[in-house]
Every structure is written in C-alpha cells, then in structure tokens.
Amino acid sequence: MRDVRELMRPSAAALEPYDPKFTPVSINLSANENSYGMPVYVYDKVMRALGDVKANRYPDPLATRLRGRLASLYGLESGQVIVGNGGDELIFNLFLAFGGGGAKVVDCPPTFSIYRLYAELCECTVADVPRDPETFAVDEDALLAEAADARITIVTSPNNPTGTLTPLAFIEELCAATDGLVLADEAYMEFAGAPSAPSAATLLDRCPNLVVLRTLSKAFALAGGRIGYVLAAPAIVSALAAVRQPYSVNSFSQAVAETVVREGARFAPTIAELCENRGILASELAKLDGLTVWPSSANFLLVRVPHAHRVWELLRDEHSILVRDFSATPGLADCLRITVGRPEECAAVVEAFIDILSLKEDEL
Ligand SMILES: *Cc1c(COP(=O)(O)O)cnc(C)c1O
C-alpha cells in the first residue's frame with residue numbers, strides 16, 4: 001500500500017486532527033463557555049426531559065419540536081430554521097452544499113479559524129479581507145468589492161477573537177452587493193446588549209441570501225450538548241437539509257435544547273452578569289502597565305501583552321488558569337483571548353497578571 005497521505009483527498013492531506021489544547025487547570029477561560037452553567041431551575045427541567053428520551057428510537061432528523069420553538073422565538077416559519085450538531089456542523093454543511101470546485105469564500109481575519117479550515121476542506125478558495133490592524137473593524141469598502149462575485153461571504157458579529165460588532169446596516173448593504181450568500185455568524189450576539197444590537201435575523205425579510213448562525217454553546221451554557229442553528233430563507237434551509245447527515249443531532253441533545261430554548265429567558269440574569277463582569281475585567285486589566293484591552297461585545301476579551309506566549313504559559317503553569325494563545329496568528333502578535341467568567345475567576349486573572357507583570361525581563 002502507498003503512504004496513507006497519498007491516498008487522501010488532497011484538501012485533507014495537509015490537515016492535522018484539531019487539538020483545542022485543553023490542559024487540566026482550575027480555571028478554564030479558554031473556550032468562551034458560560035462559567036455559570038445552567039440556572040438550577042432549568043437544569044432540573046433538563047434532567048426530567050432527558051428521562052423521557054426514547055433512546056432505542058432514531059432521533060427526529062430535523063428536530064421538529066426544537067425547530068418550531070426556535071422559529072416562534074424569532075417570529076419565523078419552521079422552514080426558515082435548521083438545527084445542527086453545533087454551529088460548526090452548519091458552517092461545514094454550508095460549504096458542502098454551496099462550495100466546492102474552487103468557489104470563492106470571503107472572510108475577514110483575524111477571525112474564527114474554522115471558516116478557512118472547512119472551506120478549504122470542501123475545496124473552496126478563501127479570499128481574506130483583513131480587518132483594521134488597530135480597531136479590528138471590517139474594511140467595508142474592500143469587503144463590498146471582494147464579495148461581489150463570491151459564493152459565500154462571512155461576517156462574524158461579534159467577531160471571535162476580537163469581540164468587534166459589525167453594524168447591521170452594513171450587513172444589509174453586503175447582502176445587496178453580492179450574488180452569493182452572506183453568513184452572519186452571531187455565536188456571541190446575546191452578549192452584545194440586545195435590543196440595541198439587534199440580530200441580523202431582523203433582516204431576513206429583506207435579504208433572501210442571508211444566513212444567520214446562532215448557537216446554544218455560549219450564552220446558553222450548552223457547549224457539551226452541541227446544538228447550533230441557522231435562520232435563512234426556506235430554499236437555503238432545504239439545501240442545508242439535503243446535505244446533512246440525517247441523525248447528527250441526537251435525541252438527548254434535542255430534548256435538552258428544547259428545554260433550554262423554552263426557558264431561555266431564565267438565562268438573562270447570568271448573561272447580564274457576564275456583561276457586567278466583562279466591564280470590570282476590562283477596566284482592571286486596562287489599568288495594568290503594558291497591557292492593551294480591546295472593547296468587546298462578546299463574553300471574552302482580547303488583550304495584548306509583551307511576551308504573550310510566555311505569559312500564557314505562566315498563567316497555565318503557575319496560576320492554573322487556561323486562556324487562549326493567539327500570539328502566533330497573523331495580525332494578533334502578542335495577543336491572548338480571555339473568556340469572561342465568574343467574578344472570582346476574573347479576579348484570579350487580574351491577580352495573576354499583576355504577579356506576572358511584576359516579573360523582571362530575565363525572570364520571564
Ligand atoms: C463557538 C463559535 C461557533 C459555534 O460553536 P458550536 O459550539 O459549534 O455551536 C460559531 N462561530 C463562532 C465564531 C464561534 O466562536
């Protein structure tokens with residue numbers, strides 16, 4: 001037999017298995033999860049719903065009940081909603097259904113690395129429209145020009161890992177300026193302070209090529225349940241339904257998600273608290289010498305600190321705090337992304353930074 005790599009699909013041959021670099025630590029602020037978890041009331045309801053799951057039967061492929069709940073939440077029809085095994089699966093399926101054959105995908109780095117990874121795996125060509133190196137705002141004119149002949153243009157709002165919001169008026173303009181689809185990835189929109197930062201879902205009436213992505217992984221404390229969803233025109237939803245693996249969203253996750261969506265309002269206090277914690281953490285960190293903190297509309301902060309990679313190691317090894325190291329990413333030299341957690345977790349981060357920044361150059 002030949003070398004396995006030679007047998008592989010060329011777009012897959014260069015890839016390595018994804019490693020989120022999770023190490024056991026006492027404070028994990030590396031993956032933008034909700035540190036509070038579910039409210040106890042919701043958790044009890046979830047446990048009861050799990051008890052009723054008929055695991056000997058295949059799941060409902062299109063998660064009809066969950067889909068109906070999500071549709072009514074946004075005032076949409078069920079046919080405008082599709083559920084996936086996390087938002088990531090829906091991003092992959094979008095490229096699977098609409099990409100391939102070198103189709104052009106446009107994104108705005110620094111942003112979520114999954115877009116390029118999955119787009120290239122699905123044999124799309126990725127064109128980058130870099131964000132402003134200082135503010136990380138989207139270069140609107142350049143994006144409008146690049147999107148004109150693109151198959152899929154991606155705007156992440158709030159953006160991961162920069163926390164930057166993109167104005168809704170611009171997303172609408174973008175939809176009108178392209179012949180292809182526009183993906184508005186709103187994985188963190190709950191932290192952007194709605195209703196002042198409304199979802200792009202409000203544009204669906206006017207923008208038939210718009211695809212809005214949301215997830216229960218972040219604000220709704222369900223990263224382990226793997227539930228994401230897309231809101232889009234019925235024809236786009238049908239295309240995504242056609243390429244999906246029929247049983248990718250298991251019955252347990254469907255049952256949990258139905259409960260979480262039904263009780264969604266009960267998450268409002270912790271979401272508000274996380275936004276408050278974000279403000280406190282940002283102002284405490286900004287006081288420290290040599291540290292730059294960007295404004296964020298999400299549940300994380302991007303910070304720039306000299307010797308960031310070493311600081312990341314010291315946080316992990318000396319303080320048992322895991323954050324995400326972006327210092328090797330183009331445009332993010334010396335940058336770390338810190339998930340906003342509970343007050344005591346945020347306080348531990350500030351203490352650790354004070355300690356690390358007090359070290360002399362030769363102690364680093
Ligand atoms: C977390 C995240 C998602 C989706 O996460 P899932 O856990 O797969 O639902 C999508 N986009 C961005 C930018 C994210 O950060």
Side-chain angles (χ1 to χ4, degrees), residues 18 20-22 28-35 37-38 63 66 70 81-96 105-119 121 126 131 136 138 152-166 171 182-192 197 199-201 211-232 240 244-245 248-250 253-254 256-257 260-261 264 267 271 274 278 296-302 323-324 326 329 332 335 337-340:
Y18 179 70
K21 296 208 169 58
F22 289 154
N28 185 348
L29 300 175
S30 70
N32 302 337
E33 296 144 335
N34 182 337
S35 281
M38 279 178 209
L66 175 57
L70 289 167
V81 182
I82 186 162
V83 178
N85 185 316
D88 288 358
E89 183 190 46
L90 294 161
I91 295 169
F92 187 88
N93 287 350
L94 195 69
F95 297 138
L96 193 58
V105 169
V106 181
D107 73 355
C108 302
T111 189
F112 198 35
S113 57
I114 287 285
Y115 307 139
R116 174 177 280 277
L117 185 76
Y118 287 179
L121 185 54
V126 180
R131 290 167 178 267
F136 297 120
V138 166
I152 302 170
T153 301
I154 305 171
V155 183
T156 316
S157 181
N159 185 45
N160 177 8
T162 63
T164 327
L165 206 60
T166 300
I171 294 179
V182 172
L183 170 63
D185 183 343
E186 297 188 336
Y188 301 96
M189 190 46 102
E190 291 85 358
F191 300 106
S199 165
V211 179
V212 180
L213 179 73
R214 311 279 301 224
T215 178
L216 300 186
S217 294
K218 311 289 167 42
F220 294 98
L222 203 58
R226 312 302 307 125
I227 295 283
Y229 57 96
V230 149
L231 310 171
L240 290 172
R244 70 185 294 274
Q245 297 183 36
S248 69
V249 183
N250 71 72
S253 293
Q254 289 188 32
V256 174
V260 164
V261 171
F267 288 76
I271 293 171
L274 282 165
R278 172 181 67 203
S296 170
S297 298
N299 67 336
F300 53 80
L301 293 173
L302 188 73
V323 300
R324 186 71 187 267
F326 279 96
T329 302
L332 296 178
C335 285
R337 188 194 66 196
I338 307 168
T339 304
V340 177

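Heads up: numbering here begins at 1 and tracks the sequence. For ligands, and for the atoms within them, numbers begin at 1 and follow the listed sequence.
Every atom of ligand 1 with a heavy atom of Gly86 under 4.0 Å away is listed here by number and element: 8 (O), 9 (O). Set against the non-hydrogen atoms of Tyr188, the atoms of ligand 1 under 4.0 Å away are 1 (C), 14 (C), 15 (O). Taking a cut-off of under 4.0 Å to the non-hydrogen atoms of Ala187, the atoms of ligand 1 that pass are 2 (C), 3 (C), 10 (C), 11 (N), 12 (C), 14 (C).
Side-chain contact between Ile154 and Phe112 is absent, with no heavy-atom pair separated by less than 4.5 Å.
Note on Arg226 versus Glu89: no salt bridge recorded, every NZ/NE/NH1/NH2 to OD/OE distance being 4.0 Å or above.
Here the straight-line distance linking atom OG of Ser157 with atom CE of Met189 works out to 4.5 Å at 0.5 Å rounding.
Assignment of Arg226 to the shell around ligand 1 is supported, since a heavy atom sits closer than 4.0 Å.
For Gly87, a nitrogen or oxygen atom sits less than 3.5 Å from a nitrogen or oxygen atom of ligand 1, counting backbone and side chain alike. The N/O atoms of Tyr115, backbone and side chain alike, include none that comes under 3.5 Å of an N/O atom in ligand 1.
Applying side chain to side chain donor-acceptor pair (under 3.5 Å) to Thr111 and the options Asn159, Thr329, Thr164 leaves one that passes, Asn159.
For the 3.5 Å distance criterion, the side chains of Arg337 and Asn160 qualify, holding a donor opposite an acceptor.
Distances from atom 9 (O) of ligand 1 to the heavy atoms of Thr156, Asp88, Thr215, Asn85 put Thr215 nearest.
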Please walk me through it: do Leu332 and Phe136 pass side chain to side chain contact (heavy atoms under 4.5 Å, CB included)?
CA-CA 10 Å; Leu332 296 178; Phe136 297 120; 3.7 Å; yes
Could you give me the CA-CA distance, side-chain angles and deciding distance for Phe300 and Tyr188, then say whether ring pair (Phe, Tyr, Trp, His ring centres under 6.0 Å) is met?
CA-CA 10 Å; Phe300 53 80; Tyr188 301 96; 5.0 Å; yes
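Distance from atom 14 (C) of ligand 1 to its nearest protein heavy atom, with residue and atom name: Lys218 NZ, 3.1 Å. Atom 13 (C) of ligand 1 has Asp185 OD2, 3.4 Å as its closest protein atom, hydrogens excluded (heavy atom only).
By the criterion of a heavy-atom distance under 4.0 Å, neither the backbone nor the side chain of Glu89 is placed next to ligand 1.
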